Amino acid sequence: MTLLSVYPFTPFRGSWLYTAMASAPAGAQGVRDALDILIAQGRMPPEEDLQVVV
Amino acid sequence: MTGMLLTGNAAVAWGARLARVDYVPAFPITPQTEIIEALAGWIDSGEMPGRLVTLESEHAMLTAAGAAAATGVRVFTATSSQGLLYAMEMLYTVAGWRAPFVLANVSRGLATPITLEPDHNDILAARDCGFLQIHCATCQEVLDNLPIAYRVAEDPRVGLPVIVNLDGFYLSFTREPVVLPEPREVDAFLPPFQPRDIRFRASQPLSQAVAVLGGGPYSYFRYETHLAARNGLQVYAEAGAEWGERFGRVYDALDLYRSEDAEICFVMIGSFATKAMAAVDALRAAGRRVGLVRPRLLRPFPDEALRRAPAGKRAVAVVDQNLSFGFGGVLHGELCSALYGLADAPILLSFIGGLGGRDISQGELFEMARLAADAADRGEAPPPRLLYTQDELREVRKLQTLAHAERNRLEDPDDHERNPLSQRQGPALRCACSAPARPCAPAAAGSRPCTRSTTCSAVDRSSSTPPAA
């Protein structure tokens, strides 16, 4: 596990989701798909989009 | 409202469609696959908006589901049996993210022996993970409880994922008359998902599911999840009552059938409870005061309601379609804990039945009611009992005899045509055991009768006689 982000602190200027060792890419897939859906439905302006990395 | 004949799987798919899910991460497994096939068909044809993505496993599927829910869309997914177990790490993980979504589990017995037919050991393995559990007995209940599950999951008092459970085959592939609610009426019941602070936005960086140091914060967040799950009792009652007002079908944590004045009660979950309803009717017609208590919610556990429901009963026959090895029936144990210390608590009897889809007959239900009445008279519960007939035992003995005979023939050094271990050529026989490519070694099981289902038995379809049906 990584202790980069430990409650209540985070060193990241961006967002972060701790998933699991075995399935980080699948977590990124879920975030990417959800962002695409939100933008396509007009529920989130495109400028709020994020680049999802593992 | 439109009436249709729907399988349980189609009822799940319609429930998800009526709940206007945005995202379906998917992975196939029998007997659940029809659900994602239906959703994939609708999304592909444009009948249903949304995105369906096939992942590489159930483990990945649950990760994507939780991650998408944590990003702020309404997520649905489905699995069964081995798939639920394969996803187990993520069931525990995503529940702690407090990102609500709904998972349909189509119950199927767990390996080993591997089977496609249903019992509840798969869903009960997920008992402590933080997902709420709604157990259904009819296709209508399945459909109705999809939108209800989203209402409960997304309620700010809960904020947890929910599993809607239905039995493989008995519900998944059985068509029943189902009333389809009007989409706009479901919309009025279930407004669009409001993720509130659970979301990712470029302008509002957020770290979710971060680590903690020490047991203090860990205990805090774990217990908070427990309290949120407990809130599910009240929230489910409210949502189920409102569904009843809108659609005429009320749902509560317990489904009580002719139990009010009953002296003897069955307690069981899932579709086999409908068989118990028929037995209750027959026993009532014969003048016996028998009823049924069917927990619909298993997590959160409706302990208060369960303390009230069997009050005044003389005996309760708990029928567990599961088996906790070394313990017994899970539902029986949970009911015991709920009733502990209750004055005038009924005698509890434990029956294990319906494993791997094994039927529970009316005659067995009558016998269980009789045993329960006897136990009440004696003031003592009999030992736990497996529902199993002489005929079933005879069939298993036949299979064992066949396996034994095949083994002996395989090991016969004079049978050069059949024995692959002979120096002469012959058809290669392989084991039908869990190591499929391993030839039957003479020392593997000796000449003892096979007593385990995994014991090697030679596959020779040309000469093996199937046991009589």
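These numbers were taken from a predicted model, which means no experiment stands behind them. Quick note on labels: first sequence line is chain A, next is B, and so on, each numbered from 1.
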Contact leader toward chain A among [options], where contacts are heavy-atom pairs under 4.5 Å:
options	answer
B:Thr93, B:Leu213, B:Val75	B:Leu213
B:His59, B:Glu89, B:Glu56	B:His59
B:Arg199, B:Met90, B:Met61, B:Arg201	B:Arg201

Return yes if some donor-acceptor pair links the side-chain N/O of B:Arg98 with the main-chain N/O of B:Val158 below 3.5 Å, else return no.
-> yes

Hey, is the main chain of B:Ile35 close enough, under 3.5 Å, to the side chain of B:Asn9 for a donor-acceptor pair?
-> no

For B:Phe101, the option from B:Tyr150, B:Phe76, B:Phe131 that meets ring pair (Phe, Tyr, Trp, His ring centres under 6.0 Å) | B:Phe131

Can the ring centroids of A:Tyr7 and B:Phe221 be said to lie less than 6.0 angstrom from one another?
-> yes

B:Arg108 versus B:Gln32, side-chain donor and acceptor atoms under 3.5 Å | no

Could you check which of [options] has the highest count of heavy-atom pairs closer than 4.5 Å to chain B?
options	result
A:Asp33, A:Leu35, A:Leu38, A:Val6	A:Asp33
A:Thr10, A:Asp49, A:Thr19	A:Thr19
A:Pro25, A:Ser15, A:Gly14	A:Ser15

Region of [X] that comes under 4.5 Å of a non-hydrogen atom in chain B:
X	value
A:Ala22	both
A:Gln51	neither
A:Leu17	both

Neighbour count above 12 (heavy atom, 6.0 Å) for B:Tyr92 OH = yes

Heavy-atom distance under 4.5 Å to chain A: side chain of B:Leu55, backbone, both or neither?
-> side chain

SB check A:Arg32 A:Asp36 (cutoff 4.0 Å) | yes

